[in-house]
2 protein chains.
Amino acid sequence: MLQFISRTCNVAAVKATPRPYHHGNLREALLHAAEKTLETSGAQSISLRELSRELGVSHTSPRRHFANKQALLDALALRGFERFDLALGRATKDRGHNFQTRLTKLTRAFVSFALKHSALLGLMFEAKHRAGAPRELLEASEKAFGHAAAAFAEGQTTGEVVAGDPWRLSLVVFAAMQGLIALSTDGKFKGIPLDRLVGEIIERLILGLRPRP
Amino acid sequence: MLQFISRTCNVAAVKATPRPYHHGNLREALLHAAEKTLETSGAQSISLRELSRELGVSHTSPRRHFANKQALLDALALRGFERFDLALGRATKDRGHNFQTRLTKLTRAFVSFALKHSALLGLMFEAKHRAGAPRELLEASEKAFGHAAAAFAEGQTTGEVVAGDPWRLSLVVFAAMQGLIALSTDGKFKGIPLDRLVGEIIERLILGLRPRP
DNA sequence: ACCTGAACACCGTTCAAGT
DNA sequence: ACCTGAACACCGTTCAAGT
């Protein structure tokens, strides 16, 4: 399986082999190459001309698959949200735990995704924020964050969570995680690794900032 | 005073008036023009050549004042953090209130800054996050966020806040705000304006997600 | 349907030269 | 000390033409 992937995706191999006039899978190849560039050199280093060069096609061929550069970035962001959704779904599918445990798993999955794909996550939110962002992108984002709302709703039925709109309650947690990542550098906040902070923050959110009466 | 500013900063006036060989204030003028572009068209639209054109100087003259484009963006981010610091400082200087009120004022100031200068805030965090970001930028960020830590420390002395490192406690609040902004679109989350959500979130953070016993 | 090549209007950065 | 002009090596996008 891994060999299959590396054979179809290996850029050098594609370049060396005499390529037919039609690439056959240019859209996929562009997205794959773009993501590699994103993770290694940042979003600003993504260039349609450079990607074309890597894939051995003319610099105008991306046009057939993406109306412009932004469309390619949006497609990359959409894939990001889809994978993000899967990661969060996996983290919450096990219902045999209490609310705090589920919430901790969910937030750890979030932080883990953020650390592994930090440039992609940045691109995802930037694309979503853009004026005139495609509807699919907003929907994909909504879907991913729905996992938290679902966990909160279930926590309410078991009496572990206060009453209120689950979406607005879950906002607090996601916001805290998203912000934690934004405020941190190198996966650390004031020298403490993020994944060590997660458990602490979740407990603080559940118990509140006020001293116990 | 306002007239003075508009006279010295008005780009059209500078362009129309026969300009001496030395601009005299090119560094300032570049930063001012760059911020205008940032707020109206986004960070990606900032171009050294275009700024030079607007100011009526050659496209190579920015080089004397900024080693490269990134240096100009960093300078812009640094100014952002300084203004951010001032805004948060003003919001917390009045000590005649309880912890919840002070915290709400602080977070409202944060959200207000974020809504007024969203592109700048984005640039600030991106610049801070960059590998090899200048030390000044990290220090300026630290200084601004110190206002929250101070409010938490004081809340502890009056028994309104649980024990613990004030920096780590304040992280929860700032993270929540930062994330709230990131997760929202157009200053709204699911149609509800951010400033309406702030009070609700602060109360939730203070009381906790758990139902009252 | 998919890809190419030439052309256009942009970039940032470097460097020798001017005031 | 500060600014300029020419040059270099890049961009994204358009469009007529090729397979």
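Being a predicted model, the structure only gives us computed values, none of them experimental.
Considering only residues two or more places apart in sequence or on other chains, B:Arg90 meets the side-chain hydrogen bond (donor to acceptor under 3.5 Å, both in side chains) condition with none of them. Qualifying salt bridge (Lys or Arg N to Asp or Glu O under 4.0 Å) partners for A:Arg130, counting only residues two or more places apart in sequence or in other chains: A:Asp74. Residues satisfying the side-chain hydrogen bond (donor to acceptor under 3.5 Å, both in side chains) test with A:Arg168, not counting sequence neighbours, are B:Glu200. In terms of the salt bridge (Lys or Arg N to Asp or Glu O under 4.0 Å) criterion, residue partners of A:Lys190 (sequence neighbours excluded) are, by chain and number, B:Glu142. By the side-chain hydrogen bond (donor to acceptor under 3.5 Å, both in side chains) test, A:Lys116 is found to be paired with no residue, residues two or more places apart in sequence or in another chain being considered.
Sorted by first then second residue, the ring pair (Phe, Tyr, Trp, His ring centres under 6.0 Å) pairs that include residues 43-63 of chain B, not counting sequence neighbours, number zero. Sequence neighbours left out, the pairs with a member in residues 23-33 of chain A that pass salt bridge (charged side-chain N to carboxylate O under 4.0 Å, His left out) are A:Glu28-A:Arg79. For residues 136-156 of chain A, the set of pairs meeting the ring pair (Phe, Tyr, Trp, His ring centres under 6.0 Å) definition, not counting sequence neighbours, comprises A:Phe84-A:Phe145, A:Phe99-A:Phe152, A:Phe145-A:Phe174.
For the segment residues 122-129 of chain B, no residue has any heavy atom less than 4.0 angstrom from an atom of DNA chain D.
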Scan the side chains in residues 178-186 of chain A for donor-acceptor partners under 3.5 Å anywhere in the protein, sequence neighbours excluded, and list what turns up.
residue	atom	partner	partner atom	Å
A:Ser184	OG	A:Leu180	O	3.3
A:Ser184	OG	A:Ile181	O	2.9

> What one-letter contact string describes nucleotides 6-15 of chain D from 5' to 3', where B marks a base within less than 4.0 Å of any protein heavy atom, S marks contact via sugar-phosphate atoms alone, and - marks no contact?
Replying inline: BB---BBBB-
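Classified by interplanar angle (parallel below 30°, tilted 30° to 60°, perpendicular above 60°), the ring pair A:Trp167/B:Phe189 is tilted.
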>> Wobble G-U and Watson-Crick pairs count when both distances are under 3.5 Å; given that, what is the 5' to 3' dot-bracket string of DNA chain D, with | for pairing to other strands?
In response: ||.|||||...|||||.||
